[in-house]
There are 2 protein chains.
Amino acid sequence: MMSPRTGINQEIIINKAVEIAEKGGMEAVTMATLARELSIKSPSLYNHFKGLKEVKLALALKALNLFYQYLKKATLNQKDGSEAIRAIGKAYIEFANQHPGLYEALISSPDPSSNTIQIAEEAIVDLIMEAISVSPLNEKEQIHAVRGLRSLLHGLVDLKRKGGFNLPLDFEESLEVNLEIFIKGLNEK
Amino acid sequence: MMSPRTGINQEIIINKAVEIAEKGGMEAVTMATLARELSIKSPSLYNHFKGLKEVKLALALKALNLFYQYLKKATLNQKDGSEAIRAIGKAYIEFANQHPGLYEALISSPDPSSNTIQIAEEAIVDLIMEAISVSPLNEKEQIHAVRGLRSLLHGLVDLKRKGGFNLPLDFEESLEVNLEIFIKGLNEK
DNA sequence: TACTAAAACTAATACCATTAGTTTTTGGAG
DNA sequence: CTCCAAAAACTAATGGTATTAGTTTTAGTA
């Protein structure tokens with residue numbers, strides 16, 4: 001089906017990229033590192049991807065889908081609104097803690113306007129929307145609130161990773177307190 | 001006082017780095033670009049800074065102080081808690097919109113454990129703390145809430161910049177709705 | 001078995017940061 | 001007023017990165 005000389009392919013490259021991102025973060029995902037780890041020379045990678053950006057885009061897509069699966073699992077057991085929000089918040093931070101490299105990959109897509117990326121993001125947004133749609137807000141406000149919850153969670157992850165939280169105060173507790181603040185604010189009309 | 005051959009100095013370099021960051025983002029802040037813009041050769045920069053990381057640290061510090069001044073001004077007119085939170089939130093997003101390169105610089109300090117950086121960050125945290133200290137939360141919860149507000153605002157900025165908001169919905173409105181959710185959640189016990 | 005196309009390769013270019021070693025310059029000491 | 005030492009510039013070189021062009025290898029298919 002693929003004719004002559006079946007060697008490395010896109011899937012193999014992206015799997016290796018996942019591995020490298022998990023070990024060393026996005027900074028380690030380079031054509032040079034990929035080639036070394038795959039025991040080929042870096043120009044050979046251009047037979048499969050146009051360049052590093054395209055590799056990172058495919059990696060972002062893979063990471064987004066893994067992230068979605070993780071969040072989905074966490075919300076499977078039917079829960080009411082508040083519980084669903086807590087479950088999503090907890091899962092979001094768990095994923096980012098356990099897979100910092102993948103989280104970095106999915107958040108720093110080199111081309112956010114890409115169709116495939118937007119579709120994958122939409123699935124996550126829909127998941128969060130379900131949890132929030134129980135609130136007394138109108139639909140527009142609910143979409144704003146989804147942005148708010150995503151921003152809160154991403155902000156917590158990103159500021160923590162960048163050393164923005166210096167006071168000796170438990171991070172998990174910060175998550176819990178702020179989820180409660182968000183839930184209360186959402187339901188108090 | 002500085003003896004022989006007074007040429008370029010740290011201040012001049014950082015001012016140019018600010019200029020470059022404002023125009024082209026942190027990606028454009030390189031030793032090569034700095035040297036070109038200052039009409040010197042890049043190795044000469046090493047007479048004034050140990051390397052690019054040190055330059056970026058000094059730039060982050062400068063950006064943090066400018067950011068602090070901006071937020072400070074926005075909260076000068078004595079306001080009650082909720083109004084202060086709205087003012088800080090608005091100013092935070094304004095600064096990030098008007099100076100995306102500086103915001104990027106201050107948030108991506110190459111060494112968050114640096115003393116000078118931590119002191120500058122603390123000033124900003126204190127500013128936000130003042131606004132939040134009106135709430136009925138205990139002190140520990142208030143610190144968590146400061147983290148929450150910072151995370152919400154940073155998340156909004158960062159997700160927007162990275163193309164994370166695709167629905168045709170006004171960004172400023174997202175800010176306003178989520179500030180109200182936060183304020184309500186903060187005050188409802 | 002031979003051809004073809006994919007996938008590897010080598011070689012080269014053009015960036016980047018950084019180090020080592022050399023030259024230039026100039027304020028202040030004599 | 002001269003000279004000298006130290007600061008700040010320079011050149012040259014190394015090694016890292018992405019990428020392009022052109023060549024060789026290889027394996028499935030005709």
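Keep in mind that this is a model prediction, so the values were computed, not measured. To find a chain, count down the sequence lines: A is the first, B the second, and so on, and within it residues start at 1.
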_Measuring to OP1 and OP2 of C/dA7, would you say a side-chain N or O of A/S44 lies under 4.0 angstrom away?_
no
_Measuring to OP1 and OP2 of C/dA6, would you say a side-chain N or O of A/H48 lies under 4.0 angstrom away?_
no
Would you tabulate the pairs of protein nitrogen or oxygen atoms and nucleotide nitrogen or oxygen atoms of nucleotides 24-27 of chain D closer than 3.5 angstrom?
from   : atom 1 : to   : atom 2 : distance (Å)
D/dT25 : O2     : A/R5 : NH1    : 2.8
D/dT26 : O4'    : A/R5 : NE     : 3.4

Whole angstroms only, please: what is the [atom1]-[atom2] distance between [X] and [N]?
{"X": "A/Q10", "N": "C/dA8", "atom1": "CD", "atom2": "P", "value": "12 Å"}
{"X": "B/I8", "N": "C/dT25", "atom1": "CD1", "atom2": "P", "value": "15 Å"}
{"X": "B/I40", "N": "D/dA7", "atom1": "CD1", "atom2": "P", "value": "17 Å"}
{"X": "B/K41", "N": "D/dA13", "atom1": "NZ", "atom2": "P", "value": "16 Å"}
{"X": "A/L45", "N": "C/dA7", "atom1": "CG", "atom2": "P", "value": "12 Å"}

_Please list all pairs meeting ring-ring contact (aromatic ring centres under 6.0 Å, His included) that have one or both residues in residues 131-172 of chain B, counting only residues at least two apart or in different chains._
B/Y103-B/H154
*According to the ring-ring contact (aromatic ring centres under 6.0 Å, His included) rule, which pairs have a member within residues 18-53 of chain A, sequence neighbours left out?*
none
Give a yes or no answer on whether the side chain of [X] reaches the backbone of [Y] with a donor-acceptor pair at less than 3.5 Å.
{"X": "B/E188", "Y": "A/K184", "value": "no"}
{"X": "B/S135", "Y": "B/L186", "value": "no"}
{"X": "B/R147", "Y": "A/L169", "value": "yes"}
{"X": "A/T33", "Y": "A/A28", "value": "yes"}

*Any chance you could measure A/L153, atom CG, to B/L152, atom CG, to the nearest 0.5 Å?*
10.5 Å
*Listed by chain and number, what are the salt bridge (charged side-chain N to carboxylate O under 4.0 Å, His left out) partners of A/K162, not counting sequence neighbours?*
A/D158
*For B/E54, what residues pass the salt bridge (charged side-chain N to carboxylate O under 4.0 Å, His left out) criterion, not counting sequence neighbours?*
B/K50
*Test for a donor-acceptor pair under 3.5 Å between the base of C/dA8 and the side chain of A/N47, counting only N and O atoms.*
yes
*Using a 4.0 Å cut-off on protein heavy atoms (strictly under), produce a 5'-to-3' string for nucleotides 15-21 of chain C with B for base contact, S for backbone-only sugar-phosphate contact, and - for none.*
-SSBB--
